[in-house]
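Taking it in order: structure first as structure tokens, then the write-up.
Please read these numbers as outputs of a predicted model, since none were measured by experiment. Just so it is clear: chains get the letters A, B, ... in the order the sequence lines come, proteins before strands, and each one is counted from 1.
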Amino acid sequence: VHSCNTLLGVLLKSNHVQLCWKFYQQMSRNGISPNIYTKNMIIHALCKAGNVEEAERVLLEMEEKGWEGPDVVSYTTVVDGYCRKGEVEKAFEIVEKMKKKQIEPNVVTYSALIGALCKQRNVLEAEKLLKEMRKSGVDADKVAYATVIDAFCKLGKLAEAGRLADEMVQKGLIPNVVVYNTLLHGLCRKGKMKKAGELFQEMQRRKLVPDMITYTTVIDGYCKEGNMHEAFRLHNEMVEK
RNA sequence: GCCUAGAUACUU
């Protein structure tokens with residue numbers, strides 16, 4: 001099963017969703033019984049294919065069997081599936097159901113919901129949930145923060161984004177490359193290239209290594225400003241590495 | 001048990 005799951009994982013990451021399903025059936029035919037990892041990946045594959053209803057059916061099937069029931073990953077995957085479809089109501093319903101089954105949502109579950117609210121531009125609700133999850137004993141992590149920070153950036157509310165970034169640091173969470181990339185993108189799309197340049201320096205002072213996304217974000221910003229000089233300079237710097 | 005779930009750019 002381990003090796004089968006490894007292969008399933010590769011197929012899943014490369015978006016070969018159809019093959020995932022075929023391989024899964026092949027497994028059963030060969031008498032290999034899927035474990036929780038297998039089922040969770042199948043649920044994920046169905047969600048990626050846009051077939052969240054079918055994914056939920058697999059989840060229900062797992063619930064039927066009292067033993068080897070679904071875990072927090074199974075539920076969270078379906079929650080995320082509905083979130084991506086924009087069916088936030090359904091997502092919250094699944095969360096209620098998992099709570100009833102004594103499976104507590106974790107930080108990933110909450111992040112998925114927060115992400116869905118952000119996509120609907122409901123940043124206020126998103127931030128509310130970010131705060132409320134702690135009352136359920138779940139601490140927000142970098143991903144949860146970055147999700148809301150990004151939403152504020154995309155709405156052009158850079159002050160709010162910065163406020164959350166500070167708050168995150170206060171909680172002892174060290175901003176990673178993604179958080180910097182998110183803030184950089186917010187600055188770049190507003191044409192604040194001076195500040196973007198400073199932040200780009202700052203992240204490196206903090207020993208973070210700019211990745212491809214960092215470079216494309218900042219290069220794009222300089223291009224739109226017509227500063228081809230800086231754009232090419234960074235491009236060369238990127239290629240050097 | 002790094003066999004499974006959540007965040008960022010460009011392009012489309």
Show me the side-chain donor-acceptor pairs of residues 167-177 of chain A shorter than 3.5 Å, one per line, residues at least two apart or across chains.
residue : atom : partner : partner atom : Å
E167(A) : OE2  : Y145(A) : OH           : 2.9
K171(A) : NZ   : Y145(A) : OH           : 3.3
N176(A) : OD1  : V178(A) : N            : 3.2
N176(A) : OD1  : V179(A) : N            : 3.0

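rU4(B) has no base stacking with the ring of Y37(A) when judged by centroids under 5.5 angstrom apart and an interplanar angle below 30°.
Within a 6.0 Å sphere centred on CZ of R163(A), heavy atoms belonging to other residues, nucleotides or ligands number more than 12.
The ring-ring contact (aromatic ring centres under 6.0 Å, His included) analysis of residues 24-47 of chain A, with sequence neighbours excluded, yields the pairs W21(A)-Y24(A).
Ionic pairing of E56(A) and K90(A) is present here: one or more N-O contacts between side-chain nitrogen and carboxylate oxygen are shorter than 4.0 angstrom. Residues E96(A) and K99(A) are paired through a salt bridge, judged by an N-O separation under 4.0 Å between the basic side chain and the carboxylate. Under 4.0 Å is where a charged nitrogen must lie from a carboxylate oxygen, and between E237(A) and R233(A) at least one such pair does.
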#### Entry: Sequence-aligned protein contact record of nucleotides 5-12 of chain B, with B where the base is within under 4.0 Å of a protein heavy atom and S where only the sugar-phosphate is
BBBBBS--
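For the ring-ring contact (aromatic ring centres under 6.0 Å, His included) test, residues two or more places apart in sequence or in another chain that qualify with Y215(A) are F200(A).
For the segment residues 118-140 of chain A, no residue has any heavy atom less than 4.0 angstrom from an atom of RNA chain B.
Annotation for F232(A): hydrophobic cluster partners, listed by chain and number, are M228(A) (ILVMFWY side-chain heavy atoms under 4.5 Å, direct or chained).
Atom-to-atom, NE2 of H16(A) to C1' of rU4(B) comes out at 19 Å; the value is rounded to the nearest Å.
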